[in-house]
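Taking it in order: structure first as structure tokens, then the write-up.
A, B, ... follow the sequence lines: proteins, then strands. Residue 1 opens every chain.
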Amino acid sequence: MSQRDIKTKIESVRNIQKITRAMEMVSAARLRRAEQRIAALRPYAAAIRRMTRQAADAAEGLPRLSILAAREPKTIGIMFVTSDRGLAGAFNSQILRAGLRSAAEHEREGREVVVWGSGRRGVSSLAFRGREPARGYTGFTDRPSYADARQIAGDLIAAFTDEEVDRVEVIYNGYVSPLTQRVTQEVLLPLKEASVLGEDAEDDEDSEGQQSSDGAEHDKHALVEYEPDAGEILKRLVPDYVEISIYRALLESTASEHGARMTAMRSASENASELIDTYTLEMNRARQAEITQEIMEVVAGAEGLG
Amino acid sequence: MAHTPFGVEVLTPDGELFNDEVEMVSTRTSTGSIGILAHHTPLLAMLDPAELRLYKSESDIVRFAQAEGYLQMTGERALILVEEAVPPDQLDRSTLEARLRAAEEELERAEEGSERAAKAGRDKRRLECFIELAGSSG
């Protein structure tokens with residue numbers, strides 16, 4: 001390679017590095033916003049889940065609600081939460097891998113699987129792998145709104161109550177830290193099998209913990225009045241709980257996406273630096289070789305004269 | 001007459017709106033208007049769209065236009081969870097009316113008795129209530 005070729009290469013790597021650096025910074029800013037929204041949502045989500053548990057306990061023995069009852073799970077619905085855009089490392093592929101593995105397991109055991117997808121990446125990959133999503137939701141994963149969650153939740157609940165599916169699961173990248181995302185799979189419906197009933201104290205963490213666990217303790221012993229009654233409340237609470245769970249999944253996925261992209265772009269920038277160093281070295285070597293060559297020619301010429 | 005103050009928290013999916021001591025909470029549950037004072041019995045109630053009034057004192061009242069939600073009274077605290085709560089002076093009549101029309105259209109399109117129709121009906125009721133509150137404050 002000539003000096004000029006290497007120079008062009010260095011220039012182009014430098015340009016790429018400028019882009020990856022900018023993307024890293026944009027992702028960092030968006031991550032901060034997404035984190036704030038998760039923090040704002042958490043107390044509300046925890047309270048809704050707590051109330052759902054409480055009302056479900058109280059509604060025990062009441063006439064069965066269709067939305068509560070577990071039926072023979074013949075068809076499983078799985079919601080894949082991914083992102084609209086790529087360049088975020090393993091972010092989307094780890095969701096697809098985990099979700100498809102669990103779909104294949106269900107099918108081995110003779111159950112049918114219906115998939116839904118949010119995020120352009122997930123929707124198109126699912127279709128590409130021969131699992132056309134029953135519904136795809138795209139265009140908002142950068143900044144999901146409550147209305148988006150509500151629309152998805154409405155469709156999922158309708159699919160469940162109309163008995164298109166007998167179980168609703170959601171799989172998303174849970175947000176742990178900017179560097180870590182955890183693939184999380186939750187059962188939303190039927191409520192009897194829902195993850196919310198199993199988790200008990202888990203949601204009542206941190207600052208709220210003290211006061212709410214006191215409250216929960218109090219409820220178990222005191223007679224709680226329900227207005228109108230626990231069954232009616234549950235009928236409205238369950239859709240709200242599904243909405244809030246979807247909203248939380250979307251928000252966590254968004255924060256995870258920005259975190260994953262930030263990390264991916266940082267390592268891309270670092271790789272670019274390394275490349276630039278290597279190429280610079282190579283260019284210096286080439287220049288040195290050229291100079292040596294010229295000196296040799298001059299010396300040879302001088303010797304020829306002498 | 002001064003009442004014993006008690007703690008009230010108002011939470012929405014977008015964060016905490018209010019967390020302070022009040023003397024009385026006034027709102028509407030699915031069975032009717034309700035006023036809550038300190039030492040109320042433990043309660044879990046569904047809230048309907050209405051004006052939520054938090055009486056810090058007789059004359060100092062914090063108001064919100066409240067969407068549907070839940071009220072939980074445990075021990076000495078009230079927890080109010082609502083999907084949406086807006087100070088009445090921030091309600092914008094024309095946007096609300098546009099949203100109301102959209103909800104009405106949705107209600108007509110939706111199959112009767114379906115989950116979708118129920119949701120649209122609830123949207124409509126909420127928006128009508130908000131418009132009324134917007135009117136009375138402006």
**Request:** Kindly write out the residues that satisfy side-chain contact (heavy atoms from CB on, under 4.5 Å) with Lys74(A), not counting sequence neighbours, or none if the list is empty.
**Result:** Glu72(A), Asp166(A)

**Message:** Under the criterion side-chain contact (heavy atoms from CB on, under 4.5 Å), I'd like the reasoning laid out for Arg150(A) against Asp123(B): C-alpha separation, chi angles, the key distance, then a yes or no.
**Reply:** CA-CA 12 Å; Arg150(A) 179 185 256 194; Asp123(B) 282 348; 3.3 Å; yes

**Message:** Among Leu41(A), Leu237(A), Leu251(A), which residue has the highest count of heavy-atom pairs closer than 4.5 Å to chain B?
**Reply:** Leu237(A)

**Prompt:** Which value, rounded to the nearest 0.5 Å, describes the distance between Thr74(B) atom OG1 and Gln54(A) atom CD?
**Reply:** 8.5 Å

**Side chain to side chain, Leu79(B) and Arg50(A), heavy atoms closer than 4.5 Å** = yes

**Message:** Need one label for Ile80(B): side chain, backbone, both or neither, based on atoms under 4.5 Å from any heavy atom in chain A.
**Reply:** neither

**Prompt:** What is the distance from atom CG of Asp240(A) to atom CD of Glu68(B), rounded to the nearest 0.5 Å?
**Reply:** 7.5 Å

**Message:** I'd like to know if the side chain of Tyr146(A) pairs up with that of Asp14(B) as donor and acceptor (distance under 3.5 Å, no hydrogens or angles considered).
**Reply:** no

**Message:** Using heavy-atom distances under 4.5 Å, tell me whether Val82(B) contacts chain A through its side chain, its backbone, both, or neither.
**Reply:** backbone

**Complete:** Shortest non-hydrogen pair, Leu44(B) vs Ala55(A), comes out as CD2-CB, 4.3 Å

**CD/Glu16(B): more than 12 non-hydrogen atoms of other groups inside 6.0 Å** = yes

**Message:** A side-chain contact here means heavy atoms from C-beta on lying under 4.5 Å apart; do Tyr70(B) and Arg236(A) qualify?
**Reply:** yes

**Prompt:** Where does Gln36(A) contact chain B at under 4.5 Å (heavy atoms): side chain, backbone, both or neither?
**Reply:** neither

**Prompt:** Heavy-atom distance under 4.5 Å to chain B: side chain of Tyr247(A), backbone, both or neither?
**Reply:** side chain

**Prompt:** CG of Leu43(B) to CD of Glu225(A): how many Å apart, nearest 0.5 Å?
**Reply:** 6.0 Å

**Asked** Atom CD in Glu83(B), atom CD1 in Ile244(A): separation rounded to 0.5 Å?
**Response** 8.0 Å

**Message:** Need one label for Asp162(A): side chain, backbone, both or neither, based on atoms under 4.5 Å from any heavy atom in chain B.
**Reply:** neither

**Request:** Please round to the nearest 0.5 Å and tell me the distance separating atom CD of Gln72(B) and atom CE of Met51(A).
**Result:** 4.0 Å

**Qualifying residues under side chain to side chain donor-acceptor pair (under 3.5 Å), relative to Asp92(B), sequence neighbours excluded** = Ser94(B), Thr95(B)

